[in-house]
Amino acid sequence: MPDALLPREVARCWPLPERGLPVAWRAGQPIERAEFYRDLDAARRRLAGLTPGEIDGRPSVALLDADAYRFAVWLLAGWSLGLTVVLPGDDLPTTRQALDIPWIGNDVPAFAAESSRAANAEVDHGAPALLLFTSGSTGRPALIGKRLAQLRAEAEMLEAAFGGDLPPEARFVGSVPHQHMFGLPFSILWPLLAARPFAAERIRHPEALECLPAADYVFISAPTFLHHLPEAPDAGRRARFSLALSAGSPLAAEVAARGERFLQAPVIEIYGSTETGAVARRRGGASWQSLPGVRFCVEASSRLRIHSPLLPEAERESGFLSSDLARLDARGLELLGRADHLVKIGEKRISLAEVEAALARLPDVERALAVPLPHAREGGRLVLGAAIILTPAGRARLTAEKKARFDARLREGLREQIDPLAWPRRWRYVEAFPVNDMGKTSRCDLERLFAPLLPQAEVLAQQDTQETQDARSVRLQLILPDGLAWFEGHFPGLPVLPGVVQIDWAAHFARFHFGVDVTRFDLAGLKFQNLIRPGDSPCLELHLKRGGEGMEFCYTLAGKICSRGAFVPRKGADGGAEMETHTERETRA
Amino acid sequence: MLDGLIHEIKAFIIETLGLEDIAPEDIDQDAPLFGEGLGLDSIDSLELGVGLQKRYGLKISAESDETRQIFSSARALAEYVAAQRTR
């Protein structure tokens with residue numbers, strides 16, 4: 001095969017200087033340049049035999065490959081054929097449905113050639129070579145286009161900023177996915193442009209770092225991974241680290257320090273976004289320093305405006321207005337949280353970052369996130385929810401006392417720190433925050449923690465509240481809130497309110513309105529006659545019988561019975577009914 | 001006799017304000033509703049006022065000292081409702 005040379009079309013898209021080093025490493029074995037060129041040629045011929053899909057009138061393919069080397073081969077092959085390469089964030093069925101174009105990478109495991117030679121294709125340098133999704137930390141993921149020149153400029157910028165401090169043969173390894181705008185430029189495009197070898201396999205556990213062959217390494221990582229590094233390196237470690245770079249979410253000072261102790265190398269945090277690429281660096285919580293060619297301004301609104309040679313031409317003049325709030329001084333740039341992290345409650349502007357910081361100062365709290373939530377009642381005020389990771393002491397305390405009491409304790413701790421309007425109303429205690437594979441917590445995932453479990457209820461009629469020994473009844477108008485947790489998966493495509501939930505709600509409202517705990521009672525005469533579905537507003541009637549002889553419940557919808565049943569007291573050992581009201585208990589106490 | 005109404009008032013506060021994970025018996029009937037205690041704020045005070053009018057047909061006085069007294073605890077609010085309700 002005479003194809004051991006780099007196809008000219010590839011070189012025009014992406015210069016691949018030759019320094020006599022392997023292109024990549026896999027399982028301790030080098031992948032030499034000749035093999036790389038053969039793979040590129042085979043991938044080009046394979047792709048030429050494929051009918052691409054179309055996005056915005058451009059021939060496009062989707063690329064998802066867990067192996068960084070194979071990913072790079074497909075990417076360069078696609079570009080050299082004038083294709084736009086779309087990087088999906090995952091291969092969930094919904095993503096595949098949304099991206100109805102041919103998928104390459106994991107789906108097409110071999111670079112086996114299909115047509116005898118790749119056609120010569122025109123590469124349009126003005127069109128996006130790459131389409132990728134934003135992380136979704138600001139809401140729904142959006143698709144962002146990158147031209148080849150932008151991607152090359154970022155790789156050149158990174159080499160200019162950091163290359164001088166690296167041993168020439170240092171290998172790049174990463175723990176971050178390369179489907180995004182941190183992993184791709186840092187762990188693939190930069191080494192490809194600077195003729196530095198990179199690892200084909202992603203580092204998934206700290207142990208994998210201990211097993212690397214003896215060499216110098218650059219480690220491309222993220223806070224979530226660094227947080228899990230052991231305190232000290234293994235004595236048998238052969239790898240030497242020159243530098244670690246972290247991005248994706250804020251790197252806590254103690255996590256950075258732990259990373260430096262373990263890696264015995266500087267851990268540098270990178271600030272950037274899908275839209276702008278990398279823009280600044282810092283070490284150990286100091287002020288941010290701009291990367292070569294980047295300039296910052298702070299607007300009157302405190303929002304940061306970024307001027308960078310990596311921006312598309314249309315934005316080169318105006319710069320990119322980020323949603324981060326910032327302060328600039330002689331030491332550099334300080335980030336103050338996101339502009340979209342300001343919410344208004346009442347007429348007051350509330351910074352979620354401030355609420356989170358105030359919560360994190362409480363002794364029981366290790367980390368906290370605040371999320372604005374619609375009120376349970378339609379048209380009600382906005383409320384804040386707090387998702388909290390407790391310290392071990394805090395966890396012990398929560399186990400020992402009622403959640404309502406514990407919630408109140410935390411609220412109490414905020415008294416001195418923030419306005420009552422900003423006190424969280426809804427509290428969730430979690431082991432860890434939900435994160436996606438970039439280590440980011442999206443607002444959607446956070447909101448899911450607060451999915452409502454109960455309907456709104458309004459009392460339509462209530463009888464005999466005066467005489468606790470008498471029969472009592474209450475009629476409630478229920479409104480099922482959007483996103484009620486019980487509809488999820490019950491059933492897919494046909495959401496109905498589960499019968500057990502209807503029984504549970506009846507017991508809940510009995511306790512609520514009569515102060516009676518019916519959960520220890522037997523159930524009798526259950527009948528489910530009509531379905532309750534999302535958007536319905538059923539009525540719930542509860543009748544507590546005279547002398548505590550049980551309670552009947554009935555759900556109706558527009559006068560039609562949906563379900564009914566009764567809680568009947570179990571006969572206790574003493575023959576008496578086990579029914580007790582909270583009012584009686586309070587009186588006795 | 002007031003006990004039943006105190007319980008009802010506690011349930012009413014929880015429902016009206018959409019308070020979460022709190023049952024009526026978690027509310028100390030003598031503890032302040034605002035600031036410390038339940039930690040309610042000025043918007044809650046507005047919403048409770050509107051709710052009381054709708055449910056019991058009574059108006060919360062514009063006199064702030066009196067309002068403070070009415071909302072000083074679940075018991076105080078129940079006493080006020082018992083005396084002033086029109087429905």
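A note on names: the letters A, B, ... follow the listed sequences, proteins ahead of strands, and every chain is numbered from 1. FYI, side chains are in, hydrogens and waters are out, and symmetry mates aren't considered; it's all heavy atoms of this structure.
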Quick check: do B:D44 and A:R425 have side-chain heavy atoms less than 4.5 Å from each other? yes
Distance (rounded to the nearest 0.5 Å) between A:R426 CZ and B:L19 CG: 11.0 Å
Let me confirm one number: the NZ-CD1 distance from A:K402 to B:I22, rounded to the nearest 0.5 Å. 10.0 Å
Checking side-chain contact (heavy atoms from CB on, under 4.5 Å) between A:F512 and each of B:E8, B:E15, B:H7, which is the one that passes? B:E15
Got more than 12 heavy atoms from elsewhere within 6.0 Å of CD, A:E401? yes
Between CG on residue B:D41 and CH2 on residue A:W423, distance to nearest 0.5 Å: 8.5 Å
Does some side-chain heavy atom of A:K403 sit less than 4.5 Å from a side-chain heavy atom of B:D26? no
May I ask you to check whether over 12 heavy atoms, not counting those of A:R395, lie within 6.0 Å of atom CZ? yes
